[in-house]
Amino acid sequence: MTTTSALAFVRGEDEGETTGDIYQQPDPRGYFRVMFGLDYVLPDIATSVFRQLITARRTALGRRIKIVDIGCGYATNAALIRFPLDMDDLAHRYRDLDHSELSAERLIELDQHFFKAWPSSIDADFVGFDIHAPALDYAKCVGLVADVVCCDFAQDVLSDADRRVLSGADLIISTTAADFLDEDRFGLLLDAVGGDPWCAVFGLRVSPMFELEAAAKARGLVSERLEGTTFVQRRFATSQEWTQVLLALETQGIATVGKESEGLLHSEFFLMRREAEAAERPVHKTISLSRGQERSFAGWRRRPWGV
């Protein structure tokens, strides 16, 4: 079993609404129905990491910073980073509205007011980067991101307008980048950003992170992996997905005992930046992390949606 075929299951390319379909809706109700139903916790875990890096960058640069979120979808990362919210808060909101007669247009209007009502704790501008236009449209309409870039690298290249939007970013973040970017595509994005950005990426252990690391290295960035720590992403959607991922990891010689063998997808964290910055303060001293392994998966989240 190849890594590519395993990733097809992780990405959901063979799973109907469990997949890319949830990003093609005009609002995030379908997304939360599926992903929160699978105990998708990585955005919660990643929030603390991203906030610490934002603070470090803002302190070092002495100004408001610009952040690009690769694979942002409905800008869940931006919502959790900017406001005192977590996945439970958002999922309960959209769960309560899931079976209502509320139109997408009306929900977007309500969400505009909802997010404006929360004080932002982060002094930064967010740019959403994704291949799904409906999700990006929502993210920008409700004000979670200041601008967006919609690009399917399989067919498109970055336009001059896209490059202007991406240019000058101080921090690139992602919980999904390694799932759909290769060395060439990540390199194009880094070239568009320019300068000396930090890249903070959570990559599934079944994803080929070496592709992103190679692109970073070619541009003078070193990659540090947080050793000895993995981060729960979600439960496996199906037994077939579970089997495919286990086989792919075992083929790569990666032990799954106590991790994927327990029915949970795990990610690792990588920080890419200039060598001098990494040498001055290594990744394990730059951030303080919690894995989420001990999180309790209970309550209504174990029940079918809407019950």
Side-chain angles (χ1 to χ4, degrees), residues 1-20 22-23 30-50 71 73 76-77 80 86-92 95 173-180 200-209 225-270 287-305 307:
M1 180 54 56
T2 66
T3 301
T4 300
S5 60
L7 281 174
F9 284 89
V10 172
R11 294 168 179 158
E13 293 166 5
D14 301 313
E15 293 293 324
E17 199 201 6
T18 331
T19 72
I22 62 176
Y23 297 99
Y31 167 85
F32 279 99
R33 181 191 313 117
V34 172
M35 298 306 291
F36 199 72
L38 292 172
D39 288 315
Y40 183 44
V41 297
L42 186 56
D44 275 340
I45 298 170
T47 294
S48 174
V49 177
F50 292 150
T76 301
N77 285 335
L80 300 186
D86 58 26
M87 287 291 283
D88 284 0
D89 295 324
L90 295 178
H92 277 283
R95 174 179 181 260
I173 65 173
S174 187
T175 51
T176 62
D179 298 342
F180 67 91
V201 179
F202 287 86
L204 287 171
R205 300 207 308 156
V206 74
S207 299
M209 276 299 301
R225 177 170 64 90
L226 191 70
E227 299 286 347
T229 304
T230 63
F231 306 85
V232 173
Q233 191 197 65
R234 61 167 171 81
R235 290 185 290 107
F236 286 101
T238 66
S239 60
Q240 191 175 20
E241 179 189 49
W242 191 3
T243 300
Q244 296 287 355
V245 169
L246 288 177
L247 286 173
L249 289 170
E250 289 169 6
T251 299
Q252 298 174 60
I254 300 174
T256 62
V257 176
K259 298 185 185 295
E260 289 82 4
S261 65
E262 300 298 313
L264 297 170
L265 277 164
H266 280 248
S267 294
E268 293 180 304
F269 178 72
F270 298 79
I287 50 178
S288 175
L289 301 170
S290 297
R291 296 183 304 164
Q293 180 69 50
E294 295 77 20
R295 184 182 176 112
S296 176
F297 300 109
W300 70 266
R301 297 177 66 181
R302 283 204 175 273
R303 301 196 293 272
W305 188 272
V307 175

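Just so it is clear, the values below take in all heavy atoms, side chains as well, and ignore hydrogens, waters and symmetry mates.
Residues I173 and F202 fail the side-chain proximity criterion, which asks for heavy atoms closer than 4.5 Å. Residues F269 and T229 are not in side-chain contact: their nearest non-hydrogen atoms beyond the backbone lie 4.5 Å or more apart.
In this structure, S174 contributes its side chain and T176 its backbone to a donor-acceptor pair below 3.5 Å. With D44 contributing its side chain and M87 its backbone, the two residues share a donor-acceptor pair below 3.5 Å. When atom types are taken as modelled, the side chain of W242 and the backbone of E262 share no donor-acceptor pair closer than 3.5 angstrom. Panel note: side chain R234, backbone G37; no donor-acceptor pair is recorded below 3.5 Å.
Atom CG of L264 is separated from atom OG1 of T256 by 12.0 Å, given to the nearest 0.5 angstrom. Here the CE atom belonging to M35 is positioned 9.5 Å from the CG atom belonging to L42, to the nearest 0.5 angstrom. Between T76 atom OG1 and F32 atom CZ the span is 4.0 Å, to the nearest 0.5 Å. Considering CG of L246 and CD of E241, their distance stands at 10.0 Å, rounded to 0.5 Å. To the nearest 0.5 Å, atoms CZ (F236) and CD (Q244) are separated by 11.0 Å.
Heavy-atom minimum distance, I45 versus V232: CD1-O, 3.5 Å.
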Kindly determine whether K259 and R205 satisfy side-chain contact (heavy atoms from CB on, under 4.5 Å), including the steps that lead there.
CA-CA 10 Å; K259 298 185 185 295; R205 300 207 308 156; 3.7 Å; yes
For the pair Y40 and T175, evaluate side-chain contact (heavy atoms from CB on, under 4.5 Å) and give the outcome as yes or no after the intermediate values.
CA-CA 11 Å; Y40 183 44; T175 51; 3.9 Å; yes
Mind running side-chain contact (heavy atoms from CB on, under 4.5 Å) on H266 and F231 for me, showing each step along the way?
CA-CA 5 Å; H266 280 248; F231 306 85; over 6 Å; no
Using the side-chain contact (heavy atoms from CB on, under 4.5 Å) rule, take L80 and F50 through it: C-alpha gap first, then chi angles, then the decisive distance, then the call.
CA-CA 10 Å; L80 300 186; F50 292 150; over 6 Å; no
